[in-house]
Participant: 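First, the structure itself, so that you have it in front of you.
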Amino acid sequence: MSDLQKKHAGEAAAARVEPGMIVGLGTGSTAAWFVKALAARGLADLRCVPTSEATADLARELGLTLSTLEDTPRIDLTIDGADEVGPGLALIKGGGAALLREKLVWEASARCIVIADSAKVVKTLGAFPLPIEVVAFGHKTTANRIADVLADHEIAMPARLRQAERGIVRTDGGNVIYDARCGAIHDPVRLADDLKLITGVVEHGLFLDLADEAIIGLDSGVDVLHP
Ligand SMILES: O=C[C@H](O)[C@H](O)[C@H](O)COP(=O)(O)O
């Protein structure tokens with residue numbers, strides 16, 4: 001994990017934004033560099049749709065004009081971080097528990113750019129635990145159904161309820177997160193489909209066919225990847 005690389009990726013991404021755009025603001029440490037660089041550009045007539053309360057707070061503090069997905073349902077460009085960037089720009093996201101709002105904003109966007117430091121680029125997704133957002137009501141029963149689906153994908157470890165120092169982590173929408181230690185995800189499309197069919201699962205952190213471009217931060221500059 002390199003802060004310098006994240007900064008480079010965030011700054012390069014901010015340069016892609018044009019005046020008058022509606023911009024989706026991602027969540028996490030890399031996205032925060034982007035938000036700071038975007039605010040520093042002082043572009044006219046931007047409207048920004050944040051993907052989390054944390055990003056909304058940061059953007060507001062920096063003087064960016066905020067909007068909501070309800071008021072601006074068509075976003076020109078979303079820029080967001082990722083936990084893993086795999087082949088074809090298949091991603092794992094949700095390490096910061098913002099996956100649901102992120103996916104809603106990504107899917108409403110004409111173009112999405114993922115930004116990450118070079119350590120996030122992998123040959124096979126799955127070393128980073130896959131976040132699965134679950135309705136809090138009866139979440140342990142949902143976890144049993146998740147375990148069955150994971151077993152069907154030869155993933156033996158049951159997903160683990162995400163906890164922080166202050167107790168069970170709640171998302172901005174009030175849901176809980178289970179992290180599935182997959183090791184390697186051999187068929188991300190089938191796993192994504194199977195997880196979506198589980199009652200109680202709200203969303204998962206597999207972002208497939210959503211990123212149009214990746215800007216990968218290096219120690220000196222950036223590398224640009226396409227699907
Ligand atoms: O829920 C959080 C998001 O998906 C983040 O974009 C992701 O976890 C990457 O965060 P970071 O840039 O801090 O590694």
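Counting convention: from 1, in listed order, for ligands and their atoms alike. All heavy atoms count here, side chains included; hydrogens, waters and symmetry mates do not. None of these values were measured; they are calculated from a predicted model.
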Participant: Could you tell me the residue and atom name of the protein heavy atom closest to atom 14 (O) of ligand 1, and the distance to it rounded to 0.1 Å?
Facilitator: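 Sorting protein heavy atoms by distance from atom 14 (O) of ligand 1 puts K120 NZ, 2.8 Å first.
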
Participant: More than 12 non-hydrogen atoms from neighbouring residues, nucleotides or ligands closer than 6.0 Å to CD on Q163, yes or no?
Facilitator: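 It does: Q163 CD has more than 12 such atoms within range.
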
Participant: Please say whether more than 12 non-hydrogen atoms of neighbouring residues, nucleotides or ligands are located less than 6.0 Å from CZ in R111.
Facilitator: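 Yes, the 6.0 Å shell around CZ holds more than 12 heavy atoms from other groups.
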
Participant: Is there a donor-acceptor pair under 3.5 Å between the side chain of E133 and the backbone N or O of A97?
Facilitator: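 Judged by distance alone, no pair lies under 3.5 Å.
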
Participant: Could you tell me whether the side chain of D117 and the main chain of Q5 form a donor-acceptor pair under 3.5 Å?
Facilitator: no

Participant: Can a donor-acceptor pair be found, under 3.5 Å and without considering hydrogens, that links the side chain of K196 to the backbone of H204?
Facilitator: no

Participant: Parallel, tilted or perpendicular for F207 and W106, by the 30°/60° rule?
Facilitator: perpendicular

Participant: Where on A116 is there a heavy atom closer than 4.0 Å to ligand 1, on the side chain, on the backbone, on both, or on neither?
Facilitator: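 It is neither part, as no heavy atom is under 4.0 Å.
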
Participant: What is the closest protein heavy atom to atom 3 (C) of ligand 1, and at what distance does it sit?
Facilitator: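 Its nearest protein heavy-atom neighbour is E102 OE2, 2.9 Å.
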
Participant: As an exercise, identify every atom of ligand 1 less than 4.0 angstrom from a heavy atom of T30.
Facilitator: 11 (P), 12 (O)

Participant: Quick one: which ligand 1 atoms are inside 4.0 Å of a heavy atom on D80?
Facilitator: 6 (O)

Participant: Between S52 and ligand 1, which part of the residue brings a heavy atom under 4.0 Å of the ligand: side chain, backbone, both or neither?
Facilitator: neither

Participant: Return yes when atom CZ of R160 has more than 12 non-hydrogen atoms of other residues, nucleotides or ligands closer than 6.0 Å, and no otherwise.
Facilitator: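 Counting other residues, nucleotides and ligands, CZ of R160 stays at 12 neighbours or fewer.
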
Participant: Please confirm whether A31 comes within less than 3.5 Å of ligand 1 when only nitrogen or oxygen atoms on both sides are compared.
Facilitator: no

Participant: Which ligand 1 atoms, with their elements, are less than 4.0 angstrom from a heavy-atom of G95?
Facilitator: 1 (O), 2 (C), 8 (O)

Participant: Write out the residue and atom name of the closest protein heavy atom to atom 5 (C) of ligand 1, then the distance separating them to 0.1 Å.
Facilitator: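 Atom 5 (C) of ligand 1 sits closest to the protein heavy atom T27 O, 3.1 Å.
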
Participant: Nearest non-hydrogen contact with atom 7 (C) of ligand 1 belongs to which option: I115, I177, D83?
Facilitator: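 Among I115, I177, D83, the closest heavy atom to atom 7 (C) of ligand 1 belongs to D83.
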
Participant: Can you name the atoms of ligand 1, numbered from 1 with element, that are less than 4.0 Å from a heavy atom of G96?
Facilitator: 1 (O), 2 (C), 8 (O)

Participant: Suppose I only count heavy atoms of A97 and a 4.0 Å limit; which atoms of ligand 1 are within that range?
Facilitator: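 Taking each heavy atom of A97 in turn, ligand 1 has 1 (O) under 4.0 Å.
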
Participant: Looking only at non-hydrogen atoms, find the nearest pair between L210 and K103 and report the distance.
Facilitator: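 Where L210 meets K103 most closely, the heavy atoms are CD1-CG, 4.2 Å.
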
Participant: Looking only at non-hydrogen atoms, which of S29, P131, G94, G81 approaches atom 11 (P) of ligand 1 most closely?
Facilitator: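 Among S29, P131, G94, G81, the closest heavy atom to atom 11 (P) of ligand 1 belongs to S29.
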
